[in-house]
Every structure is written in C-alpha cells, then in structure tokens.
Amino acid sequence: MSLRTSFRKILPEISRTEQEALDAGDTWIEASIYQGKPDFNTLLQTAPSKLTEREQAFIDGPLAELLEMLDDVEVHNSTHIPPRVLQHLKDNKFFSFIIPQEFGGLEFSAYASSTIVASISTKSNPIATTVMVPNSLGPGELLAHYGTDEQKQYYLPRLSDGLEIPCFALTSPEAGSDAGGIPDRAIVTKGMYNGEEVVGLRCTWDKRYITLAPISTVLGLAVKVFDPENLIGNEEDLGITCLLLPTDYEGVEIGNRHNPLGVKFYNGTTRGTDVFVPMEFVIGGAKNIGKGWQMLVSCLGAGRGVSLPANGCATGHASLKSTSEYAAIREQFGMPIGKFEGIQEQLALIGGLTYNLEAMRHLVLNSLDAGLKPSVITAMAKYHMTEMGRTCLQAAMDVQAGKAIQMGPNNVLASAYFATPIGITVEGANILTRNLMIFGQGATRCHPHVQDLISVIHSEEKGADKEFNKLMRKTIGYSTKNFLRGVATAYLPGFGSGKNADPMVKKFEKQINRLSSALAVQSDFALLVLGGDLKRKEMLSARLGDVMSYLFMAMANIKFYLQSDCREQITPYFNYGTTWALKQAEDALFAYSDNFPNRLVSGLLSAKLGMPFIKRSKVSDKMITDLAEATLKDDDAKKSLTSLVRMVGRDGFTVLEDAYKAKLDVLPLLDKMKSAVRAGTIKKQLTFAELVDAATAADVLTAEEKDRLSAYDVKRKLAIAVDEYTFDLELITNIDVKEPLLKSA
C-alpha cells in the first residue's frame, strides 16, 4: 500500500461543496503571514483607498439627501420603510453599486460601496441593510459575472433603475450555516412553457431569513438539481444551481415577514412546490447547472468583505464620536466624566478598536479593488470587524448609561444595539466563521502545497503516487525551513527585526515577524500530528486562525498609520490598537500550545520554538490615559475615525456635536469660573445657571461671556437630556425643539 493510499484512509472525504469552497478565491498578504514571512513590501506599496470624483459626487449628492431625509425613530416605529425613502433609493440607483455602467449601474469601487453603506448605517440600520443586500451577494452580482447576454440585457438595467427589487434565497430551515446541505430540489423534466413542451426544472423549496423577499420582484434561488431520467447528461446528482424567477411567476410564494429584533428591514420567507421553470431561468443558462455553489462562494467571498464589515466599522465610528463627546460634556463631581479612569478605560477601548476597524476596512477593500477575491481575509473581516463593533458598542453603552437605554431621537446607539446581533449571525454565523472557516480555509489556501496534496490524495489519475511523493518532499522541505526560521527568530539577535525607520513601527514589525514565524511552525506541527483530526479540533484551529487574523490586523494598522495625513495625532490610537491586536494574537498562540492534545509536542512547541522569547504585549495604564485624552480632542485623527458619521440633518449626533464644540469654545471661561470658586471670589452654586449669574455679578465674567456660557448651557442640557413620553408613549421632548421640556437626566 502506497503512502498516498495511507493518507487517503486517514483524511476525511472532501465533498464537492467543500472542494469548491476551498478552491474559491485568491490569497494575498495573509499567505505571507501564514508562511512565517510577513510581506511588508507589498503592504506598504499598496496605495491608500481613494474616492473618484464620480463617487464623491454621489456621496455629496444623493447620499447626503438620503441621510437628511432619514428619521430612524420613524423607521423603527413603522411597519414599512417610508415610501419617500424607498423611492429615493430607486431613483438614485442605490441598488446598483456593483452593476457595470454599460448596463446602467454605478459600478462603484468596493471602498465607495463600503463608505456609503457605513454612512447610512450610522443613521439607520434598516435602510443600510436594504441598500447593502442588493450590492452584496444576490442576483445583480451573479448576473454580472455569470448571466447570459439575454439575462444581462434584460435584468441589469431594470435592477439599476430600481424597476426590479432583488432578493436571493439560500438559507433553509434545515440548512443554515451548512448552506451546502440545502434540501431544496429541482428535478429535470419536461413541461409546458409559453404553449410549448420544453426541458426544464420542477422545483420545490422552503427558504427563510431572506432579506428583501417581502418586497422583491425577482427571486434568486439556490436549489439542488437532479436528473433521474438523464435528460441532459449521464449523472443524476448535478449539484447546486442558481435560478432567477419573477416573484409573480405561477407557483412562487413570497411568504410572511420575519421581525429580526424589531429592526424594520424587510426579511421573510419564500416557498414553492413543484414549480416548473424552463432552462432559461438558470443563471447563465443550462451550462451552469451544478455550478451554483462555486458561483455563490466566489461572489460571497468578495461581498463578505464589504457589507457587514462596513456595518461593524460604522458602529465603531458612531460609538467613538458619541461617547467621546458625551464624556466631554457630561460632568459629575465637578469634572467631565472623560477624566475618570474607569471611563477612560472604555474610551481607550473604543478609540483603539475603532482605529483597528478603519485600518482593517481599508486594507481589505484595497485587495477587493485590486481585483482579488480573497476568501480568507474577507472571512477575517466579517468575523473580527462585527465582533469589534459589538465590543465598541457595549463600551459606549456602559459610558452613556441612562442616556443609552432610553429610546428616542436623542439616543444614537439604540438602533445599532438591536441590529448588531443580526450582523453576528448572517453570511455565516460568527462561531462558524471563526472555528471552521478562517484557519480551515486559510491552512489550505495559504500553505504552498496542502491544496495540491489534498487534490492528489483523492485523485484517481495514473501517476498520482509519483506526484504525491514529489509534493511530500516539497512539503517536508517547506516545514524544515519554517522550523529553522522559527529557531533563528527566537534565538539569533537581529533575526526578524523590523526595518522601518519609525521606532514604533519597527518595534511592531519585529513582534509581527516573531509571531508569524511561530504561527508557521505551530501550523506545520498541527497538520503533521493531527492531520485530518485538525478539522474536528475546532477550538485549536480557531486559535490559529485568531493568530493569523490579528497579525493581519496589526499589519493593516501599520499601513494606515504610515499613510495617514495626521500621523502624530493618530499615534495614541495606533499604539493602543496594535498593542491590543498583538496581545490577542499572543494569547491565542499560548492557548493553542497549552491545549495541544499531544503533550510532548506541546512542550516542544512552547519550550523550544521561540514562545518563551515572545515579549508579551501589554496595554499599559499610560497607553489608556494617553488615548482617552486623545479621544476628547477635536483633531484630524478623531475626525478621520468618526468620518462615517456625517453631519447631515438634525439628529442626536448633531445635538452632541453642537454641545461639544460649544464647550470647547468656552473652556477658558469655565476655567475662569472654577478659579474664582477656588479663590473664594464666588461661592459654589447648585446649578450652572446660578454659577454664571454669580460670576457675572462678581465681575468675573463680562455680559458677553455670560451670554456665551448661557448659550452653551442650553446646548449642554439638550445633549445630556433623554427623550420623554406621555403615559400613552407620545413623544413630548423632541431634539428639534430649541427650548425643550427638560427634566434631570
């Protein structure tokens, strides 16, 4: 028995859908991290993301108009999206970001699409979801890449103009994360269509969680096709296939709506029983029968890096802007709460993670706009960016406290708080993405030989044994080099040191090199010792995926810092965010080693291969204080990390910003009053207004200064106020009222 045959018995069978998923997508910088040689040259040669004039015009025009008309309280309290909003989306082609211009689409870059969706998300998550879904995985992208000429010419212009509203139905009650296991079927048969007997598909399906289904006019549908009578070939099981049906087609049922945590985007069901459709309903025609999973995985790999990561990034921006401004305005015990160390810990966490979010967003979108479809880093982005957004939001809720739990126009966090768990569960639940996808797919795609080895192990072709032996020699050579590099990085002075002229960047480069080298060795030993069992050791593989993800994040941070126009101001964010990311990578690496099932190998990995020489990263108190103080400033660094919150219209963000800027303007006057109280010139008063009056009477303030402070006091009260309702829940305090009814908040 050959060695290849022995491996074949050990390794689990690879299903067709698994193989297609493994084959999908490209690799980029993440491959160099996995292989122990982080590619800083490619990283820093990648130009920063920029908007074109056409994209900027859209943001300044139709997007600004949309944001001004949005009232999230109205959306939250309504059953349907306001008709004027939906019509604006259709009229201005908000559903056509990925459709080529030749078909009437906008054909925006991934960076522009992400920026637009994220900006909408800070104002209204239901509207952002309505926009993001047609611009992610769905009929538009599938048609653009795989449709027949007739399908493209008919549907793409109609989708661009909003004449058609698309949805795509993949998830079934029996198949959620295991989307490849859908039970929905289509039997190849003959039937009548337009008065003629034609070969087609008799389809039966039951789908749920389908966004936009309740208002859709065209339904993308994934089914498994079977040909028991061999009408179109010699196989019975032809595989997953993507169809496109008008929703008013006979037998198509667009069912009831879901209510996802009260977030009022359209989400629902679709069903059909024995619905006969001709072959022209297959996306790309009959030649694409059985290619649906490959099509879906390829498109989803790109879409996964745009929409939900944009949502997570928007949550960070909104949390940083609102919480830092609230912490500057809100005072307790005679000073802003942003000066208390307990609050500073949360402010720094929000600031550092928002930096990580924005840096990672830019780097992932760089790869997409370069024409790549990097399935591994988009999975990283989906998981880590939605989770970091959730962490930012939780910290923001803690700081804003009572203001953050009272529903109404003044609360800028509530909508995101309800919507965040939704992003955690869709496009592959985060648990699945972390535990199975990132390292599972990463090890196969990023290792130079594993994918070829898997293919040849299961090959039936003549000469497979010879090819296997050749690949094994290459794999052993690759692993030996990794082992020697790991030892050298751990023990030889200067080996793996950073090369950048910036001292902080150079320090982080060295840490990344060392951790990447350790990851390469650990991964090789995992594959060697555990083999196919690694697929079932989800906690172990998840930790290796975490190491790779956090190192990618740290590299994104370096690029964002070095390409920043405000490097000095953004340094506290960079220092905290990168230290935090490297600490997560180190913790994951040590947890992996500590829990490796083979204790002999575990001891070797941790004791000999550089683990003791890894300098553990620590987020110090000074780092926290420096960043917390930075978040309270109104500088270019914070503006860049809160830029997705666009000041259009009048809402809770505007109220906070007005009060925050008013306070910055009167800080010298506030200091003057505090000095007068300490000197005994005036007595401390119970209210701010009384203190201003006393300071004016004592000639501490001029009449003009009193007016400025009084104007600030009105804005301050409005910023710390929460919304009030009558007993029957009719809103009586509105953020547009200049002299609102205010009670103590």
Side-chain angles (χ1 to χ4, degrees), residues 26 47-67 85-120 127-168 212 216-218 220 242 244 246 283-285 288 295-296 298-307 309-310 361-362 364-374 378:
D26 307 302
S49 299
K50 299 287 184 184
L51 296 169
T52 66
E53 289 185 11
R54 189 168 59 87
E55 291 165 344
Q56 188 64 58
F58 184 90
I59 288 171
D60 294 339
L63 176 61
E65 293 166 13
L66 173 67
L67 298 179
V85 173
L86 191 56
Q87 193 60 50
H88 182 83
L89 298 178
K90 292 178 179 180
D91 291 344
N92 292 279
K93 301 190 175 187
F94 275 84
F95 301 145
S96 72
F97 297 162
I98 59 176
I99 296 177
Q101 292 185 68
E102 64 180 293
F103 297 106
L106 293 175
E107 198 176 351
F108 281 165
S109 64
Y111 176 63
S113 298
S114 167
T115 301
I116 294 165
V117 166
S119 297
I120 301 171
I127 306 304
T129 302
T130 302
V131 171
M132 79 168 63
V133 169
N135 291 301
S136 184
L137 176 64
E141 186 168 15
L142 289 169
L143 284 169
H145 287 288
Y146 304 106
T148 65
D149 288 340
E150 293 80 8
Q151 290 169 342
K152 291 178 181 179
Q153 293 294 339
Y154 179 77
Y155 277 112
L156 291 180
R158 296 174 64 82
L159 289 168
S160 296
D161 292 336
L163 297 174
E164 303 280 5
I165 301 294
C167 69
F168 192 86
L212 294 189
S216 63
T217 63
V218 60
C242 296
L244 196 63
I283 295 178
N288 278 352
M295 293 159 57
L296 289 169
S298 179
C299 290
L300 181 59
R304 186 186 280 126
V306 178
S307 55
R361 181 175 83 98
H362 277 252
V364 172
L365 297 174
N366 282 159
S367 70
L368 295 174
D369 284 330
L372 299 174
K373 291 189 175 180
T378 54

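For the numbers below, each heavy atom of this structure counts, side chains included, while hydrogens, waters and symmetry mates do not.
- Using cut-offs of 30° and 60° on the angle between ring planes, the pair Y111 and H362 is tilted.
- The closest side-chain heavy-atom distance from Y154 to R158 is below 4.5 Å.
- Residues E55 and S109 share a closest heavy-atom pair of OE2-N, 2.8 Å.
- Residues R54 and F108 have side chains in contact (heavy-atom distance under 4.5 Å, counting atoms from C-beta outward).
- Using a 4.5 Å heavy-atom cutoff, the side chains of L212 and I165 are in contact.
- Pairing each heavy atom of G147 with each of Q151, the nearest pair is CA-OE1, 3.4 Å.
- Separating the CD1 atom in I59 from the CD1 atom in I116 is a distance of 5.0 Å, to the nearest 0.5 Å.
- Remark: L365 CG to S49 OG distance equals 6.0 Å, nearest 0.5 Å.
- Between D161 and K93, at least one side-chain N (NZ, or NE/NH1/NH2) sits under 4.0 Å from a carboxylate O, which counts as a salt bridge.
- Taken from CG in D26 to NZ in K373, the straight-line distance is 8.5 Å, to the nearest 0.5 Å.
- Here the closest non-hydrogen pair linking A118 and A310 is CB-O, 3.5 Å.
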Step by step, would you call L244 with L142 a side chain to side chain contact (heavy atoms under 4.5 Å, CB included)?
CA-CA 10 Å; L244 196 63; L142 289 169; over 6 Å; no
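- Side-chain contact between T217 and L163 is absent, with no heavy atoms from C-beta onward closer than 4.5 Å.
- Here H88 contributes atom NE2 and I127 contributes atom CD1; the two are 11.0 Å apart, rounded to the nearest 0.5 Å.
- Using modelled atom types, no side-chain atom of Q101 and backbone atom of E107 make a donor-acceptor pair closer than 3.5 Å.
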F95 and T130: CA distance, side-chain angles, deciding distance, side chain to side chain contact (heavy atoms under 4.5 Å, CB included) verdict
CA-CA 9 Å; F95 301 145; T130 302; 4.2 Å; yes
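- With contacts defined as side-chain heavy-atom distances shorter than 4.5 Å, the pair F103/L143 does not qualify.
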Would L63 and S119 count as a side chain to side chain contact (heavy atoms under 4.5 Å, CB included) if you check the C-alpha gap in whole Å, the side-chain angles of each, and the deciding distance to 0.1 Å?
CA-CA 9 Å; L63 176 61; S119 297; 4.1 Å; yes
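- Heavy atoms only, all atoms of each residue included: L51 and Q56 are closest at CD1-OE1, 3.2 Å.
- By the 4.5 Å heavy-atom criterion applied to side chains, R361 and T115 are counted as neighbours.
- Here the CG atom belonging to N288 is positioned 9.0 Å from the CD1 atom belonging to I283, to the nearest 0.5 angstrom.
- Here the closest heavy-atom approach between residue L296 and residue C242 is recorded as CG-SG, 3.8 Å.
- Nearest heavy-atom pair across L368 and P374 is CD2-CD, 3.6 Å.
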Side chain to side chain contact (heavy atoms under 4.5 Å, CB included), that's the test. Do V117 and V306 meet it? Break it down for me.
CA-CA 9 Å; V117 166; V306 178; 5.9 Å; no
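- In this structure, N135 and S113 have side chains that are not in contact, with every pair of non-hydrogen atoms separated by 4.5 Å or more.
- Between atom OH of residue Y146 and atom CD of residue E141 there is a gap of 8.0 Å, rounded to the nearest 0.5 Å.
- Taking the six-membered ring for Trp and thresholds of 30 and 60 degrees, F58 and F97 have ring planes more than 60 degrees apart, a perpendicular arrangement.
- Contact check for E102 versus L156: no side-chain heavy atoms found under the 4.5 Å cut-off.
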